Every structure is written in C-alpha cells, then in structure tokens.
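Just so you know, these numbers come straight off a predicted model, no measurement behind them.
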Amino acid sequence: MPSNSSRPSMRAQFDMQVDLLTELARAGIDALRRLSELNVHLVRQLNDDAVNAARAMLSCGYPFQPPVVAASEAAPFIGHLRSYQQQLGGLLSGVQMALARQAPAPTARPTSCTISTTRRSKNRYTAQHGVHPCLPTVSQKAARRSTRSHC
C-alpha cells in the first residue's frame, strides 16, 4: 500500500482536514472553558445570596417576618439568574459564529432542476438508441437468468 507521502495531493487534503478538526476542537474546548467559568461564577453568586438570605432570616425577631425577608432577598437571586441567561445566550451565539467560521462551505447538491435535466437526457438517449447504456439489455438479463442455479 503506497504511503501518503508519495501522494502530495492526498497529503495536502489530509493536512487540511486535520487542521480543520484541530480548529473545531479548539473552538469547542474554548467554549466549554467559558461555559465552566460562567457556571462557577453563577454558583458563587447564588451561594453568597443564599448565605445572605439565611443570615437575614435568622436575624428576624418577629415570627412572621422570615417570609417577607425571604421574598426581599430573592431579588438578587433572580437578577443573577437573568444575567446568567443573557451571558449564556451570548456565549452560545459566539460559539455558533466561531464554529461557522471554522466549518467548510457546504458542497453543492444536485437540485431538482439538474435531476430533471439528467432524466430528460437519459430519456432522450433511450428514445434515440432504444436502450440506455447503463441498463442491461434483454439478452443480458436472459444470460443472467440461465447462469443462476435452480434448486
């Protein structure tokens, strides 16, 4: 089997694919790192909010005051969640754009127009010559049937 070094065109294509996969992996790892940092930041903020809420509720002197204090301490918690949601949306859209820049352009697929043109040309050939060159003739079909073993 010939080595890749003897085929420079294959080697260049292989190197391009490796470079593409390397860049995609780097973009993915960078996105995971930023997501982890965002999650750690949120957990620290929520932990601080929970500690502050617990301290405020424990310092209440009146028995019906803790629910009111808990409701007032929920505002920073909700603000941190909203901020997290916005930052997460920004992070994901940034990752999507980074991956789109790294991904190769999609190859052209045959459209219905090119498929119908191909069908018309095959039908035109068949009309002119009686049979399409890719299809087996009647004698070829009969030869196949006769070579099959019958049990």
Side-chain angles (χ1 to χ4, degrees), residues 1-129 131-137 140-141 144 148:
M1 186 166 160
S3 67
N4 285 338
S5 62
S6 65
R7 297 182 183 173
S9 63
M10 287 183 62
R11 180 67 180 180
Q13 184 178 9
F14 178 74
D15 289 343
M16 285 176 32
Q17 289 177 352
V18 167
D19 290 342
L20 172 69
L21 292 175
T22 302
E23 290 301 318
L24 288 175
R26 284 183 185 153
I29 290 170
D30 185 50
L32 288 175
R33 180 189 53 79
R34 287 185 286 159
L35 179 63
S36 297
E37 289 172 359
L38 184 63
N39 287 337
V40 166
H41 184 67
L42 175 69
V43 167
R44 286 181 180 159
Q45 287 177 331
L46 295 182
N47 190 26
D48 292 342
D49 290 345
V51 168
N52 291 339
R55 285 183 183 151
M57 288 172 47
L58 290 175
S59 67
C60 294
Y62 187 64
F64 294 108
Q65 195 177 8
V68 175
V69 171
S72 67
E73 292 293 326
F77 177 80
I78 293 170
H80 292 311
L81 286 178
R82 283 186 187 147
S83 173
Y84 174 79
Q85 183 181 15
Q86 290 172 350
Q87 290 175 355
L88 183 62
L91 185 136
L92 293 177
S93 65
V95 168
Q96 183 179 9
M97 289 186 334
L99 291 177
R101 280 191 301 259
Q102 300 297 329
T107 58
R109 290 181 154 181
T111 61
S112 60
C113 181
T114 58
I115 292 171
S116 64
T117 304
T118 306
R119 285 184 187 147
R120 274 188 251 130
S121 66
K122 285 181 181 178
N123 291 339
R124 196 175 311 124
Y125 184 90
T126 304
Q128 290 174 355
H129 301 287
V131 67
H132 194 271
C134 296
L135 300 175
T137 62
Q140 289 172 338
K141 288 180 184 176
R144 282 190 202 150
R148 290 183 193 156

| message | If you compare all heavy atoms of A70 against all heavy atoms of M57, which two are closest, and at what distance to 0.1 Å? | response | CB-SD, 3.7 Å

| said: Tell me whether the count of non-hydrogen atoms from other residues, nucleotides or ligands lying under 6.0 Å of CD in Q96 goes above 12. | reply: no

| query | Measuring from I29:CD1 to L24:CG, what's the distance to the nearest 0.5 Å? | reply | 11.0 Å

| query | Is the number of heavy atoms from other residues, nucleotides or ligands within 6.0 Å of CZ (R82) greater than 12? | reply | no

| query | Between atom CZ of F77 and atom CD of E73, what is the distance when rounded to the nearest 0.5 Å? | reply | 12.5 Å

| query | Can you tell me if CD on Q13 sees more than 12 non-hydrogen neighbours from other groups inside 6.0 Å? | reply | no

| message | I'd like to know if D30 and R34 make a salt bridge, using a cut-off of under 4.0 Å between side-chain N and carboxylate O. | response | yes

| task | With side-chain contact (heavy atoms from CB on, under 4.5 Å) as the test, would you mind laying out the steps for R44 and V40 before giving the verdict? | result | CA-CA 6 Å; R44 286 181 180 159; V40 166; 3.8 Å; yes

| remark: CG of D19 to CD of Q17, rounded to nearest 0.5 Å, is 10.0 Å

| task | Tell me yes or no: between the side chains of E37 and H41, is some donor less than 3.5 Å from an acceptor? | result | no

| Whether S83 side chain and G79 backbone form a donor-acceptor pair below 3.5 Å | no

| query | Which heavy-atom pair separates L35 from L88 by the least distance, and what is that distance? | reply | CD1-CD1, 3.5 Å

| If every non-hydrogen atom of S72 is compared with every non-hydrogen atom of P76, which pair is closest and at what distance? | O-CD, 4.0 Å

| task | Using a strict cut-off of less than 4.0 Å between a Lys/Arg side-chain nitrogen and an Asp/Glu carboxylate oxygen, indicate whether R11 and D15 qualify as a salt bridge. | result | yes

| note | Smallest heavy-atom separation, A31 atom then V95 atom, equals CB-CG2, 3.1 Å

| request: Check Q65 against G61 and note the closest heavy-atom contact, atom names and distance. | output: OE1-N, 3.7 Å

